[in-house]
Amino acid sequence: MNKGRVSPYLFLVPAFLIYTSVIIYPVFNSIWVSLHSWSGMDAMVFIGLENFRVLFFEDNVFWTALRNNLTWMILTLLFMVSASLGLALLLSANYVGRTFFRGVFYFPFVLSGILVGIIWRWMYHVNFGFFNEFLTLIGLGDFTQTWLGDPDGALFYVFIAALWRGVGAPMILFIAGLQAIPKDILESAEIDGAGKIKTFFSIKLPLLKETFIIVLATQIIGSMGVFDIIVSTTDGGPGNATQVLATYMVQQTFSFNNMGMGAALSTIMLLIMMIVIVPYILFTTKER
Amino acid sequence: MKKKMVALVIMATMVASAVLIGCNGASEDTGNDATTEAPADTADDGADDTAGDGEAINLTFWGLSEQADGKEEVIASFIEQHPNVTIEWSGHSNETLHQNLQISAVNDTLPSIWFMWGGALGGRYVQYGVSRDLTDFANANNWDNKFTPASLELATLHGELAGYPRVVNILAVYYNREIFADLSLDIPTDMGEFLNVVETIQAAGITPLNSASIPGWHIMRYWEQLLEHYAGAELHDQLQILEADWEGNEAVINSFATFQEYADAGFFPDGVLSMEAADLVMLLYPGEAAMQIEGPWFDNSILSDDQDLDRFGVFAFPNGGSNRLSAFGEMFMFNDNLSDAELEMAVAFLDYMFERAEDFPGLVGRPIPQIGKDYIPAELTNVPQIFEMGSANGVFTISDQALPPIVVDELFNLLDYLVLGTTTPEEAAASMQRAWERHLAED
Amino acid sequence: MTRKIRTNMIRYIVLLVLTVACLIPIVTIVLTATKSRADFFSGLGLFELPQQLYWANFTTALFDANILQYMWNSLLISIVKVPIGILVAALAAFAITRLQIKFPRGFLIYFLIGMMVPFQVALVPLNGFFANHGLINSFWAVTYVYIAFGLPFAILVLRGFFNSIPRDIDEAAYIDGCTKLRLFFLVIFPLAKPAVASLFILDFLATWNEYILASVLIRDRSRQLVTAGLMNFVGQYGTDFGLLAAGVLIAVIPVMIVYIILQKHFVEGMAGAVKG
């Protein structure tokens with residue numbers, strides 16, 4: 001069936017080589033380093049799984065970071081997914097200004113996470129930020145907060161910034177998914193007298209299954225890897241209240257010169273993501 | 001298709017070399033031998049020198065982006081005089097400098113010269129033998145007569161002269177003269193007066209002590225003064241090298257307790273835990289905050305923000321005893337693999353750079369710690385006083401340079417927890433001890 | 001009809017409220033960018049109007065702070081990186097979906113694992129390789145790394161899109177004597193135009209906003225990329241907020257242009273990703 005002399009594998013060669021050298025090789029390198037005690041400047045000492053043992057049994061910050069990643073993931077699944085689906089439903093019908101509104105909600109996504117963090121840090125500023133000034137302006141001065149300085153709320157407030165920036169990406173996926181639903185199915189539902197809400201739950205939602213899968217997968221990956229918006233808003237503080245695995249990994253590697261521990265943290269991040277994502281990949285790549 | 005060919009060629013070569021270099025960790029075993037190699041290097045001296053001036057010397061030079069002012073010009077005119085030399089300068093942000101140096105140290109590709117702070121930050125390069133020990137070079141070139149003793153002391157780490165001193169920073173309390181005048185306040189001379197000043201300012205609706213905890217070193221500057229107050233000079237110095245235990249230590253516990261009282265009393269700005277040190281001037285300049293612990297760079301900073309420097313004065317934190325101020329050194333470190341000719345040229349370049357300091361205020365902007373070079377830009381009105389106080393009162397090494405990185409990180413967290421009230425002074429002292437133990441276990 | 005009008009009214013009201021909420025941070029940036037340093041230091045709130053519109057931040061950012069240079073560097077890299085990256089991904093996705101290879105699913109999984117790799121793990125090995133081969137500051141080296149990090153998602157999207165193209169086309173092409181290469185370049189790749197357009201937007205965005213790798217692999221200030229260049233305004237002793245905000249507003253223009261040109265195909269192209 002394949003015609004021509006060119007081997008089909010040649011098509012894979014460029015992608016395979018680039019990808020393997022830049023991504024896969026460092027992963028194995030990192031796993032190797034995670035089994036060592038190493039400052040980066042002296043000789044590596046093999047210590048087996050000692051770094052992992054310390055993280056799991058002696059390091060409170062690791063558990064805080066892991067818990068924060070999981071909290072972030074839950075917040076993302078609850079709010080990011082529902083907000084983006086809601087916007088997609090609002091924006092998938094055909095009416096004047098649709099392109100404009102899509103552009104508005106997508107716009108924050110074109111800014112880099114690190115800059116979005118800086119902007120939101122100003123918005124949350126206790127003395128001259130938007131939120132406290134707005135609350136004072138509308139007579140709710142008693143409700144002013146220290147925002148990012150509140151260890152119980154800081155992660156959530158940072159998440160709001162991430163939500164603002166990120167909601168456009170899954171929104172576009174949902175719009176694409178909604179538009180892929182054949183018109184005749186919706187029309188026949190309307191003829192059957194199904195209401196908007198019923199149509200949504202019994203027709204649209206089931207047909208969006210594939211879209212949900214990719215949205216959930218990309219959001220879960222993003223939640224485990226969240227980094228730059230945390231760095232530029234709270235830098236993991238107050239205390240370690242907003243520390244996540246990626247920020248802690250960078251701290252171990254570059255502040256403490258603890259290359260082995262940093263590598264162990266990235267290995268753990270990779271493993272957690274694989275536990276969640278590999279079933280997804282297996283499911284979506286089913287031969288059919 | 002051409003694009004594809006280009007891509008294919010590039011990546012084929014890259015992958016091939018990736019395989020050739022293999023695991024880059026394995027080639028790192030030579031780092032520790034540096035000290036034993038040193039004598040051999042000096043023996044080579046003559047041979048290197050005879051190679052002569054004509055030999056091409058390529059130097060790379062890393063520093064902070066904010067030090068860029070005048071760098072290119074100085075490099076250009078230096079190279080004009082030395083046509084065989086190239087100097088490639090690159091500026092980094094505070095974080096990326098550490099990150100890039102660490103990454104480069106791993107790969108044995110550190111620059112020829114790099115800017116670094118003293119204490120534990122510079123000490124790690126010494127410890128792992130990747131930076132040049134300048135002790136012999138300094139003796140041969142009579143550095144004792146060239147640099148001030150304090151600057152050489154701050155650049156001496158783990159028994160080596162670790163770098164070419166850049167500046168000595170001494171930290172004092174900058175205060176808003178207008179606020180002090182309006183409230184008829186005098187400069188406090190002991191802790192009782194200080195507390196009185198702080199409370200009066202607070203009663204006037206102004207934040208007394210401007211500070212930020214991102215990153216933690218700003219708010220640390222208040223705490224370490226309290227530790228100096230309770231511990232006194234001798235015990236404070238011992239604590240910094242763990243000759244005295246932190247756990248259960250009354251002075252340590254009192255310093256944390258008073259720090260916590262200050263926070264609870266609202267002496268720091270609202271939301272101090274969410275403040276960035278870089279944003280603090282937005283409270284200081286409009287007079288919403290009255291005092292801020294800063295170093296001699298702050299004069300420059302105030303001027304470059306187009307503010308009136310006369311509004312601000314300085315005093316030593318009245319911590320008792322001789323009112324020692326905290327201090328830290330900045331220096332230039334050299335790659336251990338520089339040949340003697342390269343090292344000489346690098347030092348010659350730095351000498352030249354400091355000679356030109358008057359032409360470019362941003363190049364150093366502070367007194368140069370070299371004997372006979374007591375030039376201070378006239379517009380920096382507080383700087384002379386800070387240095388006079390430093391030599392009269394004495395100094396202690398600032399905590400984030402005196403303590404190991406893991407202990408410093410723990411300290412920053414603990415100060416946050418104390419502000420939040422989620423730890424007690426006693427627990428904090430014990431946590432410091434445990435951080436020390438973790439540090440010792442890792443070394 | 002009245003019911004439809006009412007639904008539309010509600011829709012617009014909801015959208016307008018959300019739009020206003022969404023624009024607040026943007027307005028903050030604009031207000032910040034038009035304030036002088038004197039405004040900041042006089043205790044004026046970040047959300048208050050400047051005493052007088054101050055445009056010098058924009059001219060400083062453009063002419064004194066090298067923003068144009070950084071943008072030009074990023075633009076060059078994007079122009080090379082994005083098409084090559086998409087082409088390389090498309091070739092691989094083509095082989096996986098439409099050619100007879102062994103373990104197509106294995107290859108796909110292999111490529112998708114990359115989506116999960118925290119990019120920080122690559123910093124040390126990549127720097128070692130580049131530094132040892134004189135490739136620091138190299139345009140091609142950074143391009144190469146960026147291509148690699150874009151591959152997993154591009155392959156995922158293109159695979160979905162290629163799968164949706166009927167297989168009869170291949171049969172017909174082969175019967176006409178088409179080679180695999182011709183089939184790819186003349187038939188399949190052109191059909192994937194919407195997916196390519198949306199990947200173009202996303203890839204361009206990712207390249208434009210990348211910060212960490214650029215700050216490690218590029219040290220020569222004149223070759224710095226735009227986001228890392230903007231971060232130069234964040235200083236140790238003080239951040240020039242006005243300048244930074246003006247820089248952000250200037251730097252976002254090219255991305256917006258790309259989005260506006262290609263947005264027509266954006267949604268259609270993302271369909272490739274959602275079809276599994």
Side-chain angles (χ1 to χ4, degrees), chain A residues 1-4 6 8-9 11-12 14-15 18-19 22-23 25-27 29-30 90 95 99 101 103-105 110-112 114-115 118-120 122-123 125 128-130 133 164 172-173 175-177 179-180 210-211 213-214 221 225 228 246 249-250 266 269-270 273-274 277 281 284-285 287, chain C residues 8 11 14-15 19 22 24-25 28-29 32 45-47 88-89 91-92 94-95 99-101 105 107-109 111-112 114-118 120-122 125-126 144-145 147-148 151 155 174 178-181 205 209 211 227 230-231 248 252 255-256 259 263 266-267 270-271 273-276:
Chain A
M1 141 126 197
N2 276 325
K3 303 289 182 304
V6 185
Y9 295 98
F11 286 81
L12 280 169
I18 297 179
Y19 173 80
V22 176
I23 297 180
Y25 162 69
V27 166
N29 183 285
S30 168
L90 269 172
Y95 58 89
T99 312
F101 286 119
V104 167
F105 297 118
V110 312
L111 300 170
S112 76
I114 200 133
L115 294 171
I118 293 174
I119 293 160
W120 279 75
W122 304 344
M123 307 248 310
H125 199 286
F128 27 71
F130 166 75
E133 293 209 343
W164 175 77
I172 294 285
L173 289 171
I175 293 176
Q179 288 190 351
E210 305 271 9
T211 314
I213 288 167
I214 186 163
I221 289 171
D228 44 9
M249 180 222 143
V250 168
S266 44
M269 281 167 73
L270 185 66
M273 286 196 234
M274 288 184 73
I277 300 303
I281 296 180
T284 49
T285 60
E287 328 274 342
Chain C
N8 260 335
R11 190 205 312 277
V14 171
L15 280 173
T19 302
C22 186
I24 287 171
T28 311
I29 309 176
T32 307
L46 279 175
F47 204 69
V88 170
L91 285 167
F94 178 68
L99 296 180
Q100 301 281 308
I101 56 169
R105 195 168 167 222
F107 277 110
L108 181 62
I109 291 172
F111 282 120
L112 294 190
M115 286 175 39
M116 292 170 258
V117 174
Q120 289 95 344
V121 307
L126 286 181
Y144 180 84
V145 172
I147 290 175
L151 283 177
I155 290 177
Y174 288 137
C178 235
T179 62
K180 289 189 285 278
L181 268 177
L205 264 181
N209 287 334
Y211 162 61
T227 305
L230 281 174
M231 291 306 285
V248 169
V252 87
V255 206
M256 280 179 71
Y259 177 81
Q263 60 87 21
F266 198 19
V267 168
M270 291 315 291
V274 302
K275 275 177 197 152

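Because the structure is predicted, anything quoted here is derived from the model rather than measured. First the proteins, then the strands, lettered A, B, ... as listed; each starts at 1. Values below: all heavy atoms of this structure, side chains included; hydrogens, waters and symmetry mates excluded.
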Walk me through whether C:Y211 and A:D228 qualify under side-chain contact (heavy atoms from CB on, under 4.5 Å). CA-CA 9 Å; C:Y211 162 61; A:D228 44 9; 5.9 Å; no
Check against side-chain contact (heavy atoms from CB on, under 4.5 Å), A:I118 and C:M231: CA-CA 10 Å; A:I118 293 174; C:M231 291 306 285; 4.0 Å; yes
Going through the distances and angles, do A:M269 and C:V117 end up as a side-chain contact (heavy atoms from CB on, under 4.5 Å)? CA-CA 8 Å; A:M269 281 167 73; C:V117 174; over 6 Å; no
Under the criterion side-chain contact (heavy atoms from CB on, under 4.5 Å), I'd like the reasoning laid out for A:L12 against C:F111: C-alpha separation, chi angles, the key distance, then a yes or no. CA-CA 11 Å; A:L12 280 169; C:F111 282 120; 3.9 Å; yes
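C:A148 and A:I23 make their closest contact through O-CD1, 3.5 Å (heavy atoms, listed as atom of the first residue, atom of the second, distance). Smallest separation of non-hydrogen atoms from C:C22 and A:W164: O-NE1, 2.8 Å. The minimum heavy-atom distance linking A:F11 with C:A95 is given by the pair CB-CB, 3.7 Å. In terms of heavy-atom proximity, A:P8 sits nearest to C:Q100 at CG-O, 3.6 Å. In terms of heavy-atom proximity, C:N209 sits nearest to A:V110 at ND2-O, 3.0 Å.
The residue among A:G225, A:S112, A:S266 with the most heavy atom pairs within less than 4.5 Å of chain C is A:S112. In terms of non-hydrogen atom pairs under 4.5 Å with chain A, the most contact-rich of C:V255, C:L151, C:I155, C:V14 is C:L151.
Both the backbone and the side chain of C:L15 come within contact range of chain A, with heavy atoms under 4.5 Å apart. Looking at C:V145, the atoms closer than 4.5 Å to chain A (heavy atoms on both sides) sit in the backbone and in the side chain alike. Looking at C:A122, both its backbone and its side chain come within 4.5 Å of chain A, counting heavy atoms on both sides. Contacts between C:F107 and chain A at a heavy-atom distance below 4.5 Å involve the side chain alone, from C-beta outward. Both the backbone and the side chain of A:L90 come within less than 4.5 Å of a heavy atom of chain C. Heavy atoms of A:L111 lying under 4.5 Å from chain C belong to its backbone as well as its side chain. With a 4.5 angstrom heavy-atom cutoff, C:T19 touches chain A via backbone and side-chain atoms both. Heavy atoms closer than 4.5 Å to chain C are found in both the backbone and the side chain of A:V104. Proximity to chain C involves both the backbone and the side chain of A:I175, based on heavy atoms less than 4.5 angstrom apart. Only the side chain of A:M249 comes within less than 4.5 Å of a heavy atom in chain C; its backbone stays farther off.
Rounding to the nearest 0.5 Å gives a distance of 8.5 Å between CH2 of A:W120 and OG1 of C:T28.
A distance-only check finds a donor-acceptor pair linking the side chain of A:Y19 to the backbone of C:G114 [under 3.5 Å].
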